[in-house]
Amino acid sequence: MNPSQRKHYTACFAFLLLLLVLFLAVNLLTGSTAIPPREVFRALFGAGGADTARSIVRNIRLPRLLSALILGGALSVAGFQLQTFFANPIAGPFVLGISSGSKLVVALVMIACLRFGMAVSSGMLIAAAFLGAMLCMGIILLAAGRVRNMAVLIVCGVMIGYICTAVTDILVTFADDSNIVNLHNWSMGSFSGIGWSGVRTASVTVAFAMACAVFLAKPMGAYQLGEDYARSMGVEIRRFRISLILLSSLLSACVTAFSGPISFVGVAVPHLMKNLFRTAKPLIMIPACFLGGGVFCLFCDLVARTLFAPAELSISSVTAVFGVPVVLSMLLSRKRR
Amino acid sequence: MSDVPFLHTDELSAGYGATVVLDGVEVALSPGEILTVIAPNGMGKSTLLKTLIRQLPALSGAVYLDGLSLTSYTERELAKKSAAVLTGRPEPEKMTCEEVVSAGRYPYTGRLGILSAADIQAVEEAMELVHVLPLRERDFNRLSDGQRQRVLLARAIAQNPKLLVMDEPTSFLDIRHKLEFLHLLKNLVREKQIAAVLSMHELDLAQKFSDTVLCLRDGHVDRFGTPEEIFSGGYIEQLFQVEYGSYDGRFGSLEPPHISGSPQVFVIGGGGTGIPVYRALNRKGIPFAAGVLQENDLEYPVAAALASVVVSEHAFEPVGEEAVEKAKAILLACREVICPLPGFGSDNRRNEELLILARENNLLKT
């Protein structure tokens with residue numbers, strides 16, 4: 001890393017942090033109930049203040065923006081990992097059907113628990129989502145072993161996604177419970193309805209996965225030159241591949257467990273970050289994608305909440321609206337080259 | 001130096017899974033030497049190279065590197081001893097050449113892969129040695145093939161290997177870059193005392209740059225020896241089962257098959273002047289005769305390969321009576337005579353008789 005690169009990276013990180021602070025503040029200050037900034041400040045740090053304002057800020061806005069930050073970050077990192085793994089710039093948890101697989105198993109578990117009157121813990125949700133992610137990942141890996149064509153792989157992922165979404169829809173339609181509304185909202189994707197316990201579980205899981213991701217940055221860098229070169233440089237390829245798959249599945253499962261499937265963040269954000277930082281070096285990209293994903297989801301959640309307030313859009317529709325143009329422009333610019 | 005070579009194999013079988021591609025391979029290589037593997041397509045060159053750096057496990061037998069069996073190395077130890085330039089062309093996203101070369105420091109860096117001052121120096125030295133220092137900031141994906149191959153060589157050198165394995169490193173390069181690359185490699189291997197194993201399709205270059213040559217054929221080592229041993233006695237034609245045309249091991253030149261049939265054109269050549277004429281006639285599919293040429297004439301091998309009849313004289317002897325009479329007979333049976341020679345000297349004086357004869361019979365084409 002030469003001095004000019006280092007300067008550029010520092011500037012980019014500073015820029016992202018600035019955006020992060022900005023969106024955190026705006027998200028705290030806006031909502032369906034108008035609360036003056038002074039009240040928000042007091043609700044956050046002071047002891048007094050109106051009870052409703054305090055409860056809205058502390059129990060609704062704060063957990064929601066933290067979820068958007070953590071889960072958005074996790075999703076982007078998972079996307080970056082999958083792109084490196086498949087050497088394919090449009091691979092991502094949503095595109096490959098991994099999010100939808102998680103969604104299906106989580107919906108199954110939720111419906112079963114509701115039917116038998118059991119409480120659904122956030123740990124159970126993550127476990128279910130992870131199981132679903134691994135199942136879909138297994139199918140994708142089988143397909144990848146069979147065909148080396150990157151377009152075919154993506155089509156496989158999209159197909160798996162469709163099947164899982166269709167089955168989930170059927171399940172949700174026939175689930176006879178009063179909680180069906182929640183289930184429906186969740187299956188469309190939303191950062192609402194994640195309480196403090198959810199935030200806690202999500203942040204512990206994501207923090208663990210991120211720490212592991214940082215230690216995988218070195219072999220990931222070697223892997224960018226291709227599997228054979230990585231091996232000739234001393235990467236234990238089997239262990240690396242398994243770790244990367246487990247980690248990216250865990251990260252995307254965690255997102256799906258809490259917020260439902262969120263589209264295109266995992267593809268668009270890493271691409272934006274690579275262009276911003278002008279590098280694909282994993283040690284830089286992992287924190288960059290985390291920050292960028294957080295900022296992107298905070299922004300999208302803001303739009304989802306406020307554009308047609310009090311009606312709320314599903315987060316996935318907003319991320320698609322902003323993410324798809326990025327993905328398309330990337331594909332088109334690749335073609336030109 | 002001990003007597004045990006730096007790299008050697010013992011009854012090595014190489015292949016994929018249950019499929020044995022090569023069997024009973026015995027090779028040895030010392031530091032500072034280049035071993036080139038040549039073989040017809042599909043005879044296991046890549047398989048052998050991959051087995052030498054453990055990208056493929058040995059099916060039976062063993063590879064010994066620096067006295068130890070390859071199986072006893074950890075990934076990291078092996079990466080410190082051996083490096084590779086492979087056939088696949090990596091297309092890393094947004095990587096500068098310097099970053100590609102830096103990747104070679106992988107076995108030396110810590111858990112996060114951050115380069116130390118010593119690593120940075122090693123990278124710089126490697127780039128300097130291979131003359132790619134001016135490319136350090138360039139996007140690797142935007143290099144020409146020649147530059148890319150040199151950067152990949154620098155990457156391998158940055159790994160500080162004692163064994164360098166390269167699968168067809170010159171295949172996509174033009175002649176200038178082929179020569180440059182191999183010249184660079186030769187110096188590097190000598191200076192750093194690296195043992196290099198490469199595979200190549202360019203037989204002429206293999207002959208000129210290798211210290212030893214390994215020939216594979218039908219699942220085994222057909223021959224293993226110095227270029228002088230391999231590129232002689234028509235062995236190469238036999239190894240590659242050349243059926244149409246011929247290969248001259250002395251010059252590394254390939255010739256198409258000659259046009260058979262009774263000669264229609266007689267060429268009075270010599271000293272290389274006839275070569276373009278022979279090639280043109282061969283291309284047009286016209287059978288021709290050439291003569292009289294001494295067997296040590298520069299163009300004799302080409303004439304022998306392309307002409308349906310060559311009238312020759314013994315090496316270092318002036319053209320004599322017997323040869324001239326024979327040539328005259330053939331010449332008169334032709335419908336045309338071509339003489340690219342500007343003049344005659346004491347050794348081929350009698351060829352002038354052929355020219356005069358052609359003129360008298362209105363056969364000479366001007």
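Throughout, protein chains are lettered first and strands after them, A, B, ... in sequence-line order, and every chain is numbered starting at 1.
Of the atoms belonging to B:Leu78, not a single heavy atom falls under 4.5 Å from chain A. Using a 4.5 Å cut-off between heavy atoms, A:Pro282 does not touch chain B at all. With a 4.5 Å cut-off on non-hydrogen atoms, B:Glu77 does not touch chain A at all. Contacts of B:Thr109 with chain A are made by both backbone and side-chain atoms, with heavy-atom separations under 4.5 Å. Both the backbone and the side chain of A:Arg231 have a heavy atom closer than 4.5 Å to some heavy atom of chain B. Neither the backbone nor the side chain of B:Leu115 comes within less than 4.5 Å of any heavy atom in chain A.
Using a 4.5 Å heavy-atom cutoff, the side chains of B:Arg155 and A:Leu225 are in contact. With contacts defined as side-chain heavy-atom distances shorter than 4.5 Å, the pair B:Leu112/A:Lys218 does not qualify. Looking only at side-chain heavy atoms (C-beta outward), B:Glu99 and A:Lys281 come within less than 4.5 Å of each other. Contact annotation: the side chain of B:Pro90 never approaches that of A:Glu227 to less than 4.5 Å [non-hydrogen atoms, C-beta and beyond]. For the pair A:Lys274 and B:Glu93, the minimum side-chain heavy-atom distance is below 4.5 Å. Residues A:Val235 and B:Glu75 are not in side-chain contact: their nearest non-hydrogen atoms beyond the backbone lie 4.5 Å or more apart. Side-chain contact between A:Asn275 and B:Lys94: present, with at least one pair of heavy atoms (C-beta onward) separated by less than 4.5 Å. By the 4.5 Å heavy-atom criterion applied to side chains, A:Tyr229 and B:Val85 are counted as neighbours.
Surrounding OH of B:Tyr16 are more than 12 heavy atoms belonging to other residues, nucleotides or ligands, all under 6.0 Å away. Annotation for A:Arg239: atom CZ does not count as buried by contact number, only 12 or fewer foreign heavy atoms lying within 6.0 Å.
For the residue pair B:Gln55 and A:Ser232, the shortest heavy atom distance occurs at NE2-N, 3.4 Å.
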- When you look at A:Leu283 and B:Ile114, which way does the side chain to side chain contact (heavy atoms under 4.5 Å, CB included) test go after all the steps? CA-CA 9 Å; A:Leu283 203 55; B:Ile114 293 166; 3.9 Å; yes

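Per-residue counts of heavy-atom pairs under 4.5 Å with chain B were compared for A:Ala87, A:Gly226, A:Ser4, A:Pro219; the largest is that of A:Pro219.
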